[in-house]
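What follows is one structure encoded as structure tokens, with my remarks underneath.
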Amino acid sequence: MLFSKKTIHNAGYAALLGFVAYQWIESDTMQIRLNQSFDTLRTAQRETEEVKAQLAESKQQLETAQSRLQEVNAQLSRTRSVGSSVSSDGASAASGANSVASSTSFTESLIQLAEKAARLDRGFKAFPALEIPELSLLTEADWIKVVSDHANLETPEQMRRALESLVASAKGRALEVFRDAAFRTGVGSDTKSTANLDPLLSELRQKLNGQILQRYELLPAASLESGWFEQPDVKRHVSSVDQAPALIVREKAPAGGQQQVLVFFAMPQSRDNGKRYTSSSIFALLQKSRP
């Protein structure tokens, strides 16, 4: 025999020791890898918790901002309800501004603008001739724009100018309704369409209340008094348009130192699916007297 039993036994024993040592090394390596995996997992979990905490904080800040903006919207809604003035002294807005300590500078600014809007609204008591029904058409953004443009409301003159800007915006909103109604009905697209204003009036009655409608007149351009189009302010807006005026919408009794005017220009060649459309221009004519 080449190998004795003892030699074979020793060789087998050595092989067994080598296998055990190999398994031990592999087990140790696996343990290291597992530890590394657990470390990675713990790091990921920690980062996830941090992100969750940040999201929770951001959500809280957003909810706070939304709450403050709701206060602003509520204040502005109270500032001008449809067809009526608000008699509130703005204390509710001030208390709302102080109720939440962790608001952003943006929402704080909105609260201040809301308070100014309430103050501006109370100014109509001093200038009642400026209070027109079209004010009900104003949006919250319209109020904020005016009080932003007029930083000071301390003197009667400053208050009057701010109110006149607000009134001009309100009348502009009304004329936008007139314009959209004319586009939908086709009245004003040419001189022939102005012979029957009933479709336009029917459309307007669905959009505007009677108090607003009675403050305006709809006139075919051909029926206007002689020389009206020769006024410098009118000529500046009308002469730059190639088409002839077809329909005029204007205030009967101008308020706020300006007469708002809407002119429709005939464009018989402009068609879309067989329906005529027209261009228009909204502008204001300055009045010599103020309320």
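Electrostatic pairing of Glu230 and Lys235 counts as a salt bridge here, judged by a charged N lying under 4.0 Å from a carboxylate O. A salt bridge links Arg173 with Glu176; the closest basic N to acidic carboxylate O contact falls under 4.0 Å. Salt bridge absent: Glu131 and Lys125 never bring a charged side-chain N and a carboxylate O closer than 4.0 Å. In summary, Glu115 and Arg119 do not engage in a salt bridge, as defined by a charged side-chain N under 4.0 Å from a carboxylate O.
Formation of a donor-acceptor pair under 3.5 Å by the Lys171 side chain with backbone atoms of Ala255 is found in this model. Within the 3.5 Å criterion, the main-chain N or O of Glu203 finds no donor-acceptor partner in the side chain of Gln206. No donor-acceptor distance shorter than 3.5 angstrom exists from the side chain of Glu251 to the backbone of Tyr216, with no hydrogens or angles considered. In this structure, the side chain of Ser223 does not engage the main chain of Leu219 through any donor-acceptor pair within 3.5 Å. In terms of modelled atom types and a separation under 3.5 Å, the side chain of Ser193 and the main chain of Gly188 share a donor-acceptor contact. Under the 3.5 Å distance criterion, the side-chain polar atoms of Arg179 are left unmatched by any main-chain donor or acceptor of Leu262.
Taking the side chain as every heavy atom from C-beta outward, Glu134 and Asn209 never approach each other to under 4.5 Å. Ile132 places none of its side-chain heavy atoms less than 4.5 Å from the side chain of Ile212. Here the side chains of Leu208 and Leu137 are in contact, with some heavy-atom distance below 4.5 Å. For the pair Gln260 and Gln258, the minimum side-chain heavy-atom distance is below 4.5 Å. Side-chain contact check for Leu135 versus Asp121: every heavy-atom pair is 4.5 Å or farther apart.
Here the CG atom belonging to Leu163 is positioned 12.0 Å from the CZ atom belonging to Arg122, to the nearest 0.5 angstrom. The distance from the OG1 atom of Thr155 to the CE atom of Met159 is 9.0 Å, given to the nearest 0.5 Å. Going from atom CD of Glu164 over to atom OG of Ser169 covers 12.0 Å, rounded to the nearest 0.5 Å. Taking CG from Leu166 and CG from Asp142, the interatomic distance works out to 8.0 Å, rounded to the nearest 0.5 Å. Taking NZ of Lys252 as the reference point, atom CZ of Arg250 lies at 11.0 Å (rounded to 0.5 Å).
Here the closest heavy-atom approach between residue Phe265 and residue Ser281 is recorded as CE1-CB, 3.8 Å. Listed here is the closest heavy atom pair of Val177 and Leu204: O-CD2, 4.0 Å. Of all the heavy atoms in Ala221 and Ile248, the pair that sits closest is CA-CG1, 4.3 Å. Shown here for Leu200 and Phe178, the closest heavy-atom pair between the two residues is CD1-O, 4.3 Å. Here the shortest heavy-atom pairing between Leu138 and Trp143 reads CB-NE1, 3.7 Å. The shortest heavy-atom contact between Ala253 and Arg215 is O-NH1, 3.1 Å.
With sequence neighbours left out, the side chain to side chain donor-acceptor pair (under 3.5 Å) criterion links Asp149 to Lys145. Listed by chain and residue number, nothing satisfies the side chain to side chain donor-acceptor pair (under 3.5 Å) test with Ser202 (two or more places apart in sequence, or in another chain).
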Can Glu217 and Val249 be said to form a side chain to side chain contact (heavy atoms under 4.5 Å, CB included), step by step? CA-CA 6 Å; Glu217 55 185 351; Val249 181; over 6 Å; no

How far apart are the C-alpha atoms of Glu154 and Lys116, what are their side-chain angles, what is the distance that settles it, and do they pass the salt bridge (charged side-chain N to carboxylate O under 4.0 Å, His left out) test? CA-CA 11 Å; Glu154 302 302 325; Lys116 282 187 66 177; over 6 Å; no

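Ring planes of Phe183 and Phe264: perpendicular class, angle over 60° (limits at 30 and 60°).
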